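Model, not experiment: these values are computed from the prediction. FYI, side chains are in, hydrogens and waters are out, and symmetry mates aren't considered; it's all heavy atoms of this structure. For ligands, and for the atoms within them, numbers begin at 1 and follow the listed sequence.
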Amino acid sequence: MTSASRWTVAPDGGRPDGRSCVHLGAMSTPSDPLSENCEECSALGFGWMRLRWCTTCGHVGCCDSSQGRHAYSHHVATGHPLVLSLAPDEHWAWCYVDELFLISAPTTRGSAV
Ligand SMILES: [Zn+2]
Ligand SMILES: [Zn+2]
Ligand SMILES: [Zn+2]
């Protein structure tokens, strides 16, 4: 099942207007997360707060509020720019390169931005 959701930069009052993410066009979701948990944390016996899912390769790592920050270290190691949040109450992606939140624009609304 493929969902063709459009992604857009999330409005954020704390950031200058007009910034955009050059990776938006390449935004896609891998078929499945490679793991259910942060495997690096599991190996180290760490706990984690929330999980981030690399949209490039499907790697699952813990967020920057977690002890291991493995999603970030995955970005540093691989250069993969975008992670999706796997937290059920969070519906956004983060671009490490442009340092922007991205949200998926519902296509049903038909809002042209
Ligand atoms: Zn970007
Ligand atoms: Zn971790
Ligand atoms: Zn990756």
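Here Cys21 contributes SG and Asp98 contributes OD2, and at the Zn ion (ligand 1) these two atoms make an angle of 110°, given to 10°. Angle SG (Cys41) to the Zn ion (ligand 2) to SG (Cys62): 100°, rounded to 10°. Angle ND1 (His23) to the Zn ion (ligand 1) to SG (Cys95): 110°, rounded to 10°.
Under the 3.5 Å distance criterion, with hydrogens and angles disregarded, a donor-acceptor pair is assigned to the side chains of Arg52 and Ser85.
Atom CH2 in Trp53 sits 6.5 Å away from atom CG in Asp32 (nearest 0.5 Å).
Nearest N/O/S atom of His80 relative to the Zn ion (ligand 3): this is ND1. Within His70, ND1 is the N, O or S atom that lies nearest to the Zn ion (ligand 2). Of all N, O or S atoms in His74, the one lying closest to the Zn ion (ligand 3) is NE2.
Within the 4.5 Å cutoff, no side-chain heavy atoms of Val76 are placed close to those of Tyr96. Between Leu24 and Val9 there is a side-chain heavy-atom pair separated by less than 4.5 Å.
Under the 3.5 Å distance criterion, the side-chain polar atoms of Thr8 are left unmatched by any main-chain donor or acceptor of Ile103.
Here the options are His59, His23, His75, His74, the test is ring-ring contact (aromatic ring centres under 6.0 Å, His included), and the partner is His80; only His74 passes.
For the Zn ion (ligand 3), the set of nearby N, O or S atoms under 2.8 Å includes one belonging to Cys57.
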